[in-house]
Asker: 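Below are the structure tokens for one structure; questions will follow.
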Amino acid sequence: MTPLVQIDLWAAGLGIAYALWSIWWVLRQPMGDAVLQTPYQAIREGATAFMRTQYGTIAAVGAVIFGVLWITPHYGLLTALGFLLGGLFSGVSGFLGMHVSVRANVRTAAAARTGLPQALRVAFRAGSVTGFLVGSLALAALGGFYLLLWQQAQGVTVDLGPLAGLGFGASLISIFARLGGGIFTKAADVGADLAGKLEQGIPEDDPRNPATIADNVGDNVGDCAGMAADVFESYAVTLIAAMLVAAWSHPNDLFGQQYPMALGGVALLAGLIGVQVVHWGGRRPLAALSTAVLISILLAAIGFYWVSVHMIPPDAPYSGMDLFYTTLVGLAVGVGMVATTDYYTGTGFRPVRQIAEAARSGHATVIITGLAVGMKSAVVPTLVIAFGIVAAYLLSGVYGIAIATVALLALTPVVISIDAFGPVTDNAGGIVEMAGVEEEAREVTDALDAVGNTTKALTKIFAIGSAGLAALALFVAYKLEFGAAAHRLDFQLDDPYVLAGLFIGALLPFVFSGFAFDAVGRSAARIVQEVRRQFQEHPEILEGRHKPDYAHAVSMLTRASILGMLAPGSLPVLVPLAIAFLWGPIGPPGSAALMMGGTLIGAVGSGLVMAIFLSTGGAAWDNAKKYIETGHFGGKGSPAHQAAITGDTVGDPCKDTAGPAINPMRKVLSLMALLLVPFLL
């Protein structure tokens with residue numbers, strides 16, 4: 001085992017140990033009195049039931065694919081094992097993270113009654129479980145599977161092709177987890193807002209609303225488990241893409257294959273040090289979280305320099321300093337995207353205030369202005385990524401594009417820690433509201449929830465940008481695989497098959513998002529009807545004399561979201577199969593391979609811009625509503641507030657369902673193309 005792989009595995013082991021210790025610490029915190037227990041138990045039972053149903057469905061689909069990969073001669077047992085490992089680790093990271101998140105919400109609510117510093121410590125420690133499990137399990141899966149492939153090679157050049165199976169397993173889990181959780185959480189949120197806030201005028205998280213428990217369950221299954229699976233997949237797939245590019249560019253270059261894993265290892269160690277700052281954060285949670293990220297970036301950059309310059313062999317086909325500068329490009333892309341997102345989603349800046357002011361004119365103008373803000377928000381992040389791609393290529397060639405993406409995603413543990421902190425604080429606020437405890441506790445949870453909304457918006461952009469770069473790296477790997485098989489593949493823009501593929505690929509994010517929106521709309525309509533039914537049959541619910549049937553609402557949404565995720569989740573699998581097996585046999589030789597490549601590029605371009613537009617625009621609508629709720633333009637209950645609620649309702653499936661789910665959609669598409677190369681030669 002080389003030192004580079006040792007760095008990967010040692011860091012993974014330390015990260016897993018830290019996550020397990022954090023679980024132990026969180027579960028030892030007090031849960032508060034019986035008043036907090038009732039809503040907590042309902043949220044816990046609903047989340048567990050949803051995850052059991054969702055992962056049962058995913059496991060059934062995965063078992064079929066595992067069998068197909070095993071018995072297909074082009075793939076075999078190693079690719080099937082990689083698929084199993086990627087899917088299993090992705091599922092475990094999401095499930096364990098959500099398990100702790102659900103149990104931390106009541107403990108954060110109890111800590112809020114003692115003050116903000118302790119509530120921040122509990123919530124962030126719970127979030128760091130998800131963050132470090134995601135990063136550590138991704139490094140462990142890649143490092144362990146790489147050693148298995150190396151052992152199988154027995155001194156011959158290592159065949160890294162089965163790594164595509166591992167990435168495909170992680171991506172398949174991710175797309176269904178993202179879609180299922182996103183449909184559930186936004187249907188519950190929209191339904192609760194429409195039937196509760198708008199129709200009855202009752203506050204958010206009011207225990208009289210039958211959909212309020214489903215709304216809190218959705219925060220965990222969407223923003224925690226779904227995000228964990230999404231970013232695990234992005235991280236694992238990015239490492240895989242970089243390793244494949246190195247293997248197919250320079251087959252005997254072991255340093256190039258192992259270098260991405262070492263970058264991930266040193267960045268994880270940097271994150272372990274950086275996050276400790278949060279626990280000294282006191283009464284400035286956003287400043288503490290920002291400082292943790294900045295320290296992690298600085299320490300990671302130092303580690304990148306050491307690995308790049310001092311561990312590179314003299315015969316490597318790359319310059320150590322060029323590789324180091326390439327990693328800095330990746331870090332700069334991440335910082336640039338986050339800074340822009342903060343401008344478009346922060347309540348202190350013009351875009352959000354512009355939407356809030358438009359709400360004074362009515363529902364239509366708040367929608368129009370929100371669309372305009374979302375569209376314009378895509379400009380700078382897209383340009384940052386474009387310049388980052390060019391800079392990375394000039395420094396280290398096509399391998400540099402993959403390395404810049406690895407450097408960006410190496411921040412995964414600390415970034416996901418501050419993201420998973422969000423649903424914990426959101427649920428804690430809901431529990432405090434439903435339990436009716438003292439106002440001081442609610443002020444603490446509101447302060448933490450406001451920070452959590454900001455960190456969730458920033459993390460979504462981090463995931464979108466990294467997913468776009470990862471999909472581009474996978475396209476490079478797709479093209480290089482043909483070269484490795486002695487088949488040259490030239491993509492010319494005047495080639496009709498490439499052009500056809502570009503249009504098909506550009507279309508896919510729109511069709512995919514349409515399916516996702518449709519699923520949220522249908523599910524939300526059902527929950528609105530259910531809430532209305534309960535209010536009509538039991539008017540005493542609104543008087544506080546009859547308990548709503550929370551369980552029925554959760555059960556109904558679980559079934560609807562599982563069914564709703566199947567059509568969009570299948571799309572990026574079926575399209576490559578159609579190109580390979582429907583067009584391939586009837587088209588000219590090589591045309592299917594060109595069309596497939598064009599499809600990948602088209603999906604990368606339109607998917608990146610659309611995901612930024614949906615995610616940033618949705619967050620801006622949400623924060624415009626919150627800006628009005630703080631007392632501006634009439635405050636809560638005003639006509640402007642009613643219009644802003646409509647904008648937030650439209651923005652919810654944009655930022656939490658369709659926008660984030662485009663990320664794994666593009667990578668499933670790319671990995672399917674990689675796996676189908678033997679049938680396209």
Side-chain angles (χ1 to χ4, degrees), residues 39 41-64 91 94-95 98-99 102 172-196 209-227 229 423 427 512-538 547-571 573 649 652-653 656-658 660-661 664:
Q41 291 295 342
I43 294 170
R44 176 178 170 178
E45 291 169 8
T48 302
F50 174 84
M51 293 294 283
R52 188 184 302 118
T53 303
Q54 183 186 52
Y55 277 91
T57 305
I58 294 172
V61 175
V64 173
F95 193 87
M98 192 218 68
H99 176 86
V102 169
L172 196 71
I173 292 289
S174 171
I175 193 170
F176 285 121
R178 250 310 183 191
L179 281 168
I183 292 167
F184 184 102
T185 184
K186 289 305 108 182
D189 199 354
V190 169
D193 280 353
L194 292 177
N209 192 332
T212 191
I213 293 295
D215 190 6
N216 282 277
V217 168
D219 291 331
N220 294 286
V221 300
D223 288 334
C224 186
M227 174 59 84
N427 268 204
F512 178 85
S513 299
F515 279 126
F517 280 127
D518 193 32
V520 172
R522 289 197 309 268
S523 302
R526 293 184 64 184
I527 200 66
V528 167
Q529 293 168 4
E530 171 62 17
V531 173
R532 288 173 179 167
R533 180 192 67 79
Q534 292 197 32
F535 284 156
Q536 290 170 359
E537 294 181 3
H538 302 283
K547 182 180 177 182
D549 187 353
Y550 302 123
H552 189 263
V554 171
S555 175
M556 174 189 295
L557 269 181
T558 299
R559 292 193 299 271
S561 59
I562 297 302
L563 289 174
M565 73 181 187
L566 295 177
S570 302
L571 189 66
V573 175
T649 302
D652 274 339
D656 289 327
T657 307

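Predicted, not measured: the structure shown is a model, and the values here were computed from it.
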Asker: Could you report the tightest heavy-atom contact between Ile183 and Ala519, atom names first, then the distance?
Answerer: CD1-CB, 3.6 Å
Asker: Shortest non-hydrogen contact from Phe515 to Pro568?
Answerer: CB-CB, 3.7 Å
Asker: Can you list everything that forms a side chain to side chain donor-acceptor pair (under 3.5 Å) with Arg533? Sequence neighbours excluded, please.
Answerer: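 Side chain to side chain donor-acceptor pair (under 3.5 Å) list for Arg533, sorted by chain: Glu530, Glu537.
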Asker: Return the set of residues passing side chain to side chain donor-acceptor pair (under 3.5 Å) with Ser555 (not counting sequence neighbours), or none when no residue passes.
Answerer: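 By the side chain to side chain donor-acceptor pair (under 3.5 Å) rule, Ser555 matches Arg559.
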Asker: List the residues meeting side chain to side chain contact (heavy atoms under 4.5 Å, CB included) with Ala560, not counting sequence neighbours, and say none if there are none.
Answerer: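 Checked Ala560 against side chain to side chain contact (heavy atoms under 4.5 Å, CB included); matches are Ser523, Arg526.
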Asker: The criterion is side chain to side chain contact (heavy atoms under 4.5 Å, CB included); which residues satisfy it with Ala516, sequence neighbours excluded?
Answerer: Leu179, Thr657, Ala658
Asker: Identify the two heavy atoms, one from Ala187 and one from Leu557, that lie closest to each other, and give their separation to 0.1 Å.
Answerer: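 That would be CB-CD2, 3.6 Å.
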Asker: How close do Met565 and Thr57 get, heavy atom to heavy atom, and via which atoms?
Answerer: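 Residues Met565 and Thr57, closest heavy atoms: CE-CG2, 4.2 Å.
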